[in-house]
Amino acid sequence: MDSSFVLDPLEASILLLWSAGLIYVGCRYVQRRSVPLLVALMAALCIPGFGVCYAAVQLIRNAANRNKQV
């Protein structure tokens, strides 16, 4: 029986990445409460890949800052 509500693996992975990025940006906004993070949160809500890209950029920045301090 074929159901119209079953997601294929690509759709499921996109939804998982979208929700992970949205959760990351949402948590950052709750911690800091700034206008740029609010804009990033709205962008992450509208654009599926934005939250994941934002999280990746923050990870790279944090790694670069750690290397500069050592």
Side-chain angles (χ1 to χ4, degrees):
M1 201 164 117
D2 192 25
S3 175
S4 62
F5 296 112
V6 175
L7 297 175
D8 65 355
L10 179 65
E11 290 173 335
S13 63
I14 288 172
L15 284 176
L16 285 173
L17 286 173
W18 190 3
S19 62
L22 191 58
I23 289 169
Y24 179 81
V25 177
C27 288
R28 297 271 302 191
Y29 175 71
V30 168
Q31 290 173 352
R32 303 224 172 135
R33 306 263 176 159
S34 66
V35 174
L37 279 175
L38 180 63
V39 172
L41 181 61
M42 291 298 119
L45 185 61
C46 298
I47 304 168
F50 184 82
V52 174
C53 292
Y54 179 82
V57 167
Q58 293 300 319
L59 181 69
I60 291 169
R61 281 186 184 171
N62 290 341
N65 287 338
R66 280 191 214 126
N67 287 342
K68 287 180 183 178
Q69 290 177 355
V70 172

Enter the distance from Leu22:CG to Cys27:SG here, rounded to the nearest 0.5 Å. 9.5 Å
Between Arg32 and Leu37 the two heavy atoms that sit nearest each other are CB-CD1, 3.7 Å
For residues Tyr24 and Leu17: do they belong to one hydrophobic cluster (side chain heavy atoms under 4.5 Å, members Ile, Leu, Val, Met, Phe, Trp, Tyr)? no
List the atom pairs, with distances to 0.1 Å, where a side-chain N or O of residues 38-63 and a protein N or O form a donor-acceptor pair under 3.5 Å, not counting sequence neighbours.
from, atom 1, to, atom 2, distance (Å)
Asn62, ND2, Gln58, O, 3.3

